[in-house]
Amino acid sequence: MIGKLNHVGVATPSIDEAVKVYRDVLGATEIGEKFSMPEQGVWVCFVTLPNSQIELIEPYGEASPIHGFLAKNPAGGQHHICFEVADIIAARDDMRAKGATVLGTGEPRIGAHGTPVIFVHPKNMGGVLVELMETPKDPH
Ligand code: CO
């Protein structure tokens, strides 16, 4: 059912500071530009690794959904993991049929990779917030 691990989401109070860790300490060389997703309430920056990506997310605006996470984890921390699925609607319906809680309205939103995503509540996922993302038709 789930496909590739697409990325690991890491919340941070400062993408600029977090990038220093990935670039200067860990030696990552492929680091994208920071960009805002106002409707999701986050700044986003992707660190590309040979087999996956780290998605750095920083609050954008007062209503950002990650303020609560950072209140509990002031230094930042691992926030979610994202798996690819072939069909987001089929995946959502499958999650619901299996009793899992899809966050929000359940209508997929366009994620940071430009493809539809949903989030599944950690209570159904062994304590991990899981993002399911439709596999990009045109992989980068
Ligand atoms: Co994500």
Side-chain angles (χ1 to χ4, degrees):
M1 171 72 205
I2 57 171
K4 284 198 294 191
L5 172 68
N6 183 278
H7 63 264
V8 175
V10 173
T12 173
S14 165
I15 283 177
D16 293 340
E17 291 302 311
V19 160
K20 291 178 187 170
V21 172
Y22 286 89
R23 184 190 58 213
D24 301 339
V25 182
L26 291 167
T29 55
E30 210 177 319
I31 297 173
E33 291 296 318
K34 173 169 109 172
F35 61 97
S36 65
M37 297 193 70
E39 63 290 350
Q40 321 271 18
V42 287
W43 289 96
V44 180
C45 173
F46 282 107
V47 178
T48 299
L49 309 175
N51 67 336
S52 195
Q53 289 183 308
I54 303 298
E55 178 188 49
L56 299 173
I57 50 177
E58 175 187 323
Y60 180 100
E62 289 307 308
S64 175
I66 62 172
H67 281 306
F69 181 91
L70 288 173
K72 282 180 238 155
N73 306 275
Q78 193 257 308
H79 180 264
H80 66 273
I81 57 178
C82 177
F83 301 111
E84 293 185 16
V85 296
D87 179 330
I88 197 71
I89 297 298
R92 178 200 62 191
D93 293 348
D94 185 55
M95 288 299 105
R96 285 180 167 164
K98 290 169 177 163
T101 299
V102 176
L103 297 185
T105 63
E107 285 310 305
R109 295 189 303 181
I110 298 302
H113 289 85
T115 69
V117 305
I118 60 168
F119 285 87
V120 185
H121 199 289
K123 71 185 178 186
N124 308 120
M125 297 280 123
V128 177
L129 176 61
V130 169
E131 178 180 12
L132 298 178
M133 161 190 158
E134 200 163 276
T135 302
K137 302 288 184 256
D138 180 22
H140 47 81

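Ligands are counted one by one from 1 in listed order, and the atoms in each one are counted from 1 as well. Here, residue 1 is the first one in the sequence, and each next residue gets the next number.
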Check your understanding: Can you check salt bridge (charged side-chain N to carboxylate O under 4.0 Å, His left out) on E107 and R92, steps first, answer last?
Key -> CA-CA 9 Å; E107 285 310 305; R92 178 200 62 191; 3.2 Å; yes
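Using a 4.5 Å heavy-atom cutoff, the side chains of L132 and V120 are in contact.
Annotation: E39, atom CD; neighbour count of heavy atoms from other residues, nucleotides and ligands within 6.0 Å is above 12.
Looking at residues two or more places apart in sequence or on another chain, you find no side chain to side chain donor-acceptor pair (under 3.5 Å) involving K34.
Side chain of N124 to main chain of T101: a donor-acceptor pair is present (N/O by atom type, distance under 3.5 Å, no hydrogens or angles).
Contact record, N6 with S52: O-OG, 3.1 Å, taken as the closest heavy-atom pair.
Closer than 2.8 Å to the Co ion (ligand 1) sit the protein N, O or S atoms H7 NE2, E55 OE1, H80 NE2, E131 OE1.
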